[in-house]
2 protein chains.
Amino acid sequence: MKTKEKGRYHHGDLQATLLRSARVLLERDGIAALKLRAITRHAGVSATAAAPYFGNLAGLLSVLAAQGFDELTEAMSPPHAPSARDVGLAYIRFAIANPGLFTLMFRSDAINRTDAHLVTASERAFRRLAALPGPGESGTTQAATMAARWGKAHGLAVLAIDGLLLSLTNNGDTCMTLDQLVNEAFR
Amino acid sequence: MKTKEKGRYHHGDLQATLLRSARVLLERDGIAALKLRAITRHAGVSATAAAPYFGNLAGLLSVLAAQGFDELTEAMSPPHAPSARDVGLAYIRFAIANPGLFTLMFRSDAINRTDAHLVTASERAFRRLAALPGPGESGTTQAATMAARWGKAHGLAVLAIDGLLLSLTNNGDTCMTLDQLVNEAFR
DNA sequence: AAGTAATTTTTACAATGTAAAGTCAGGTGG
DNA sequence: CCACCTGACTTTACATTGTAAAAATTACTT
């Protein structure tokens, strides 16, 4: 397989290459760098080369987001039967480790939420997080218990990515790691 | 004060008018409609009329976001001394009532996070939410307690705006309101 | 070897953000 | 009363973006 030779036509692996380029730009320059022309430029092809595969920019980003949900699902699937706390912490740690990707996965105005692959991938990830027995407080619906756990994990993840959680610790004299803070805060 | 007469030059109240137009577009067509040209078009002025006041699009949106944080602070300030739960619920309800504005307030790549007004407005709002005594669980840092409360409120808000919380309840046969779910989930 | 299908490029166009120069209103000094 | 000047907005211009349509190039098939 000649993955990246200089043959200009018939790249052979363009779909995956474009996704890789998008991923590189996303992690290097943030979500604002996810322009179609920047992606194709980085991949070394013309500006409209992505259209046959992804339709438009939202299509490409949707596939990238679906990949993200797949990776999130895997990150939340440790070898041995995990507790609800383990899975929630894995959710937060994935977000902190992949801030751009995680942000993209929830940017409804940048991706196509009705995309079939994306729907199945995200639902799989959400089920993995929500469908755990966990310590449901007495007198609450199961939906409320799941919403509480998911909400707390998601909120901590988003605030951590935005750099807002650390501003809580650095105000006082207590200097703790972001990981320490998350570990204490997510119960 | 001739607020909106047809005198083309010397509008007299352009700064506020532009902010109002942006707000209208934001609430009507979502965050994707916040283009500079669309805002000036809606205000009835030329495309570059915002530059003297706001510098660029990010400057305008930053002022809008600062307004949002001011309104959020007010929404979290009920007449009588509130509990931590009241304030958290007010945070979530504000987000659900103003989804576009709330989303903009946390879009770091659309606004200018170092803007002076925005910094003070957001810090004021964050303090109002975090600096409440609340039911800190035993053995946790105060920063962790605040992070837990803020994270849960913020996560529930974001997930509710994205329409993801309702998918939790509609799966089973239990049909509960979003407000009911939030009320049960935010403890 | 020739034709056909698949893949990528060229070309083209509308829309956006923004910088620079130009134009108009309203107050001020003569 | 008139010229001027300053501030407020517009016009013009340009680089960049997303995307549709046509053209060009390569690979496959028979």
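Chain letters run A, B, ... following the sequence lines, proteins first and then strands; every chain starts at 1.
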The side chain to side chain donor-acceptor pair (under 3.5 Å) partners of T114(A) (sequence neighbours excluded) come to N112(A)
Inter- and intrachain pairs under salt bridge (Lys or Arg N to Asp or Glu O under 4.0 Å), touching residues 69-92 of chain A, at least two apart: R23(A)-E71(A), D70(A)-R124(A)
What is the distance from CG of D13(A) to C1' of dT8(C), rounded to the nearest Å? 15 Å
Results of side chain to side chain donor-acceptor pair (under 3.5 Å) for R107(A) - residues two or more places apart only: D109(B)
Which is more 5' along DNA chain C, the nucleotide nearest G44(A) or the one nearest R37(A)? Just name the residue. G44(A)
How would you list, by chain and number, every residue that makes a side chain to side chain donor-acceptor pair (under 3.5 Å) with T48(B), sequence neighbours excluded? none
Spacing of CG belonging to N183(A) relative to CD1 belonging to I92(A), to within rounding of 0.5 Å: 8.5 Å
Can I get a per-line list of side-chain donor-acceptor pairs under 3.5 Å for residues 35-44 of chain B, giving both atom names and the distance, sequence neighbours left out?
residue : atom : partner : partner atom : Å
T40(B)  : OG1  : L36(B)  : O            : 3.1
T40(B)  : OG1  : R37(B)  : O            : 3.0
H42(B)  : ND1  : S21(B)  : OG           : 2.9

Quiz question: going by heavy-atom distance under 3.5 Å, is there a donor-acceptor pair between the base of dT11(D) and the side chain of T48(B)? yes
Classify the ring geometry between F106(A) and F69(A) as parallel (under 30°), tilted (30 to 60°) or perpendicular (over 60°). perpendicular
Residues from residues 107-114 of chain A sitting under 4.0 Å of DNA chain C, heavy atoms only? none
Contact class for A51(B) vs. all strands (heavy atom < 4.0 Å): base, sugar-phosphate, or nothing? nothing
Determine which pairs satisfy salt bridge (Lys or Arg N to Asp or Glu O under 4.0 Å) with at least one residue from residues 93-102 of chain A, sequence neighbours left out, and list them in order. R93(A)-D179(A)
Measure up the F94(A) and F102(A) rings against each other and bin them: parallel (under 30°), tilted (30 to 60°), perpendicular (over 60°). perpendicular
Taking atom CD as the centre, does Q142(B) end up with more than 12 heavy-atom neighbours from other residues, nucleotides or ligands that are less than 6.0 angstrom away? no
If the helix axis at each end comes from five base pairs, how far does the helix from dA1(C)-dT30(D) to dG30(C)-dC1(D) deviate from straight, to 10°? 20°
Partners meeting side-chain contact (heavy atoms from CB on, under 4.5 Å) with A51(A) (sequence neighbours left out): none
Between I39(A) (CD1) and dT16(D) (C1'), how many Å, whole number? 15 Å
Those residues that, when tested against Q180(A), pass side chain to side chain donor-acceptor pair (under 3.5 Å) (two or more places apart): none
So, is R41(A) close to the dT17(D) phosphate, meaning a side-chain N or O under 4.0 Å from OP1 or OP2? yes
Residues in residues 52-68 of chain B with a heavy atom under 4.0 Å of DNA chain D, by number, are Y53(B)
Answer whether the closest heavy-atom distance between the side chains of D162(A) and L159(A) falls below 4.5 Å. no
I need the residues from residues 22-36 of chain B with at least one non-hydrogen atom less than 4.0 Å from DNA chain C; give them sorted by number, or say none. K35(B), L36(B)
